[in-house]
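Here the structure comes first, spelled out in structure tokens, and everything after it is commentary.
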Amino acid sequence: MIEREAPVSRALVIHPASRDTMGRAEARLEEATGLAEALDLVVGDAFILPMRKIDAGRYFGRGKLDELRDMLVELEANVAVIDAALSPVQQRNLEKALNVKVVDRTGLILEIFGQRARTKEGVLQVELARLAYERSRLVRTWTHLERQRGGGGFLAGPGETQIETDRRLLSEKMSKLRRQLEDVRRTRSLHRSKRQDVPFPTVALVGYTNAGKSTLFNKLTGAGVFAQDMPFATLDPTVRAVDLPGGTRILLSDTVGFITDLPTELIAAFRATLEEVREADLLVHVIDSSDPDREGRIEDVEGVLDAIEAGPVHEQAMLEAWNKADQLDEDGREDLGITVQMANLKAGRPIKLALSAVTGEGVEILVEAIERALSQENERLEITIPPQDARALAWLHAHGDVLASKMDTRTGASTLQVRLHPVEAGRFRSQFPDLAIPQGIGEIEDEDDF
């Protein structure tokens, strides 16, 4: 049997730009083209279309529609990618006017997410977002919207329309998905609470899609997570334990990439995943330093972080890892003002670290900065433990960073200088109330003098 080749989808990519958004138009057009190519669309042409006014019914005016129709015919394109959020009415009317399939920015991103999701959680999240998006667009799918006959006999009144039936079925399916995702959320919360009981500090890599988060994650952990130069190469969060040079063990998580105008359906559906970001002790914002629109990308990421109540604005510590520094010359680095100032590690004052996840340049400095940042809030305690409290001694070695220790040969008591996370210091005080430990001591200058 001869297999027929799938028809090639040829696309025209259009980025509508107003006067206010014209400054980022080139970067947005390049991104939209990359998203289209990530779906294996053959991009025949891509251009910026200046817009003074948006038509409520068809988005574009009649004159622009005529121009677009001629371009589609000339390119033999059967898909028009509009890099904007279209209403259901606009999308339906554009398809009628242009006689091709019309895909807006939200649909494009959802389609990519649908192809890239691998885990059960990821598939559930993408499916819920897709159904939420399509529910308002059902009318595009059906041509048989006549009412179904209700009851029996010729006097029976009309039943619900086909579209009402489909919306009801979709609503039921979405409710089922939400229940399943709620189970996922509870499972994640359980896993998170177990990690907190260990406890290991958690560090989350965040950033714009294709900034190099997964490549950096692999460099730090050796995990072998799929990483490729494409938008949303990885969707499902991965967590790995990493031992820092100072002896601190952390849990590092690679999260889904952000993007300009991230669909609200996706933010809602990926709530369980994004909670990993919000609950992290430290964020590492991975930035593509070679991106000409990097400042705009930074604003987009900060906007999503703010939407999920994360980041420096919400008193969450963050470092800036300016990745792909190997693609910059010396002048480019000076223009960025890349600095390593360990005094700026407190929340709200992120330091800038130039690095390359591919060559390894600057990764050691990032690791040092992570360790320093995590130790900012740690309490340094001096605790004397009598010999009969061996359980307390074991607890400190298991949960804290013992900096120095000595034993009184006469009484058998051990005196430790230990560094504890504030949460762990509180747990120690509650579990061992008889050991009235102080609220904290200064940095140990010389362990030999202890």
Side-chain angles (χ1 to χ4, degrees), residues 5-22 24-116 126 129-143 209 230-232 259-266 293:
E5 294 184 0
V8 176
S9 294
R10 192 173 182 84
L12 174 65
V13 180
I14 306 124
H15 173 68
S18 64
R19 182 180 300 176
D20 296 334
T21 62
M22 191 61 74
R24 297 186 62 187
E26 287 290 346
R28 284 289 300 268
L29 179 64
E30 182 180 352
E31 180 179 85
T33 303
L35 292 172
E37 291 173 344
L39 282 178
D40 297 326
L41 293 175
V42 177
V43 178
D45 196 5
F47 68 99
I48 298 167
L49 185 60
M51 299 281 293
R52 287 186 298 178
K53 183 182 177 182
I54 295 176
D55 185 88
R58 294 173 299 183
Y59 199 86
F60 303 110
R62 190 177 300 277
K64 287 186 171 65
L65 279 177
D66 292 339
E67 294 175 11
L68 291 176
R69 192 185 303 107
D70 293 341
M71 291 182 67
L72 288 163
V73 172
E74 184 178 349
L75 291 170
E76 298 182 353
N78 52 359
V79 180
V81 176
I82 313 298
D83 188 32
L86 300 177
S87 70
V89 172
Q90 290 170 339
Q91 189 169 359
R92 182 176 69 253
N93 290 340
L94 279 175
E95 288 191 342
K96 288 181 178 179
L98 300 176
N99 198 30
V100 296
K101 180 177 179 59
V102 174
V103 182
D104 70 348
R105 183 177 180 83
T106 302
L108 199 61
I109 295 173
L110 285 173
E111 191 69 26
I112 293 174
F113 271 55
Q115 289 188 3
R116 304 282 163 79
V126 172
R130 184 183 65 81
L131 291 177
Y133 172 75
E134 289 186 352
R135 188 175 185 274
S136 61
R137 289 167 162 77
L138 271 179
V139 70
R140 296 173 56 243
T141 311
W142 299 99
T143 55
T209 182
M230 63 168 63
F232 304 115
I259 195 168
T260 306
D261 297 334
L262 186 66
T264 55
E265 295 93 345
L266 279 176
D293 190 37

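Numbers for residues simply follow the sequence, beginning at 1. In what follows, every heavy atom counts, from backbone to side chain, and hydrogens, waters and symmetry copies are set aside.
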Taking distance alone, no hydrogens or angles, what donor-acceptor pairs closer than 3.5 Å link side-chain atoms of residues 45-63 to residues at least two apart or in another chain?
residue	atom	partner	partner atom	Å
Asp55	OD2	Gly57	N	2.9
Asp55	OD2	Arg58	N	2.7

Qualifying residues under salt bridge (Lys or Arg N to Asp or Glu O under 4.0 Å), relative to Asp293, sequence neighbours excluded: Arg24, Arg297
Student check: side-chain heavy atoms of Leu98 and Leu65 closer than 4.5 Å: yes
Residues Leu39, Val103; criterion side-chain contact (heavy atoms from CB on, under 4.5 Å); working and verdict: CA-CA 12 Å; Leu39 282 178; Val103 182; 5.9 Å; no
Shortest non-hydrogen contact between Ser9 and Leu41, atoms and distance: CB-CD2, 3.4 Å
By side chain to side chain contact (heavy atoms under 4.5 Å, CB included) - contacts of Glu37 (at least two apart): Thr33, Val43
Distance, nearest 0.5 Å, that separates CE of Met22 from CG of Asp20: 10.0 Å
Euclidean distance, Thr209 OG1 relative to Leu35 CG, rounded to 0.5 Å: 8.0 Å
Separation of Ile14 CD1 from Glu67 CD (nearest 0.5 Å): 11.0 Å
Straight-line distance of Leu12 CG to Leu68 CG, nearest 0.5 Å: 6.5 Å
Euclidean distance, Glu31 CD relative to Leu108 CG, rounded to 0.5 Å: 10.0 Å
Where at least one partner belongs to residues 80-91, residue pairs that pass salt bridge (Lys or Arg N to Asp or Glu O under 4.0 Å), sequence neighbours excluded: Arg28-Asp83, Asp83-Arg105
Those residues that, when tested against Val89, pass side chain to side chain contact (heavy atoms under 4.5 Å, CB included) (two or more places apart): Ser87, Arg92, Asn93
Sequence neighbours excluded, every pair satisfying salt bridge (Lys or Arg N to Asp or Glu O under 4.0 Å) that has a member inside residues 70-81: none
Results of side-chain hydrogen bond (donor to acceptor under 3.5 Å, both in side chains) for Asp66 - residues two or more places apart only: Arg69
Contacts of Asp104 that satisfy side-chain hydrogen bond (donor to acceptor under 3.5 Å, both in side chains) - sequence neighbours left out: Tyr133
Side-chain donor/acceptor of Asn78 to backbone N/O of Arg10, under 3.5 Å: yes
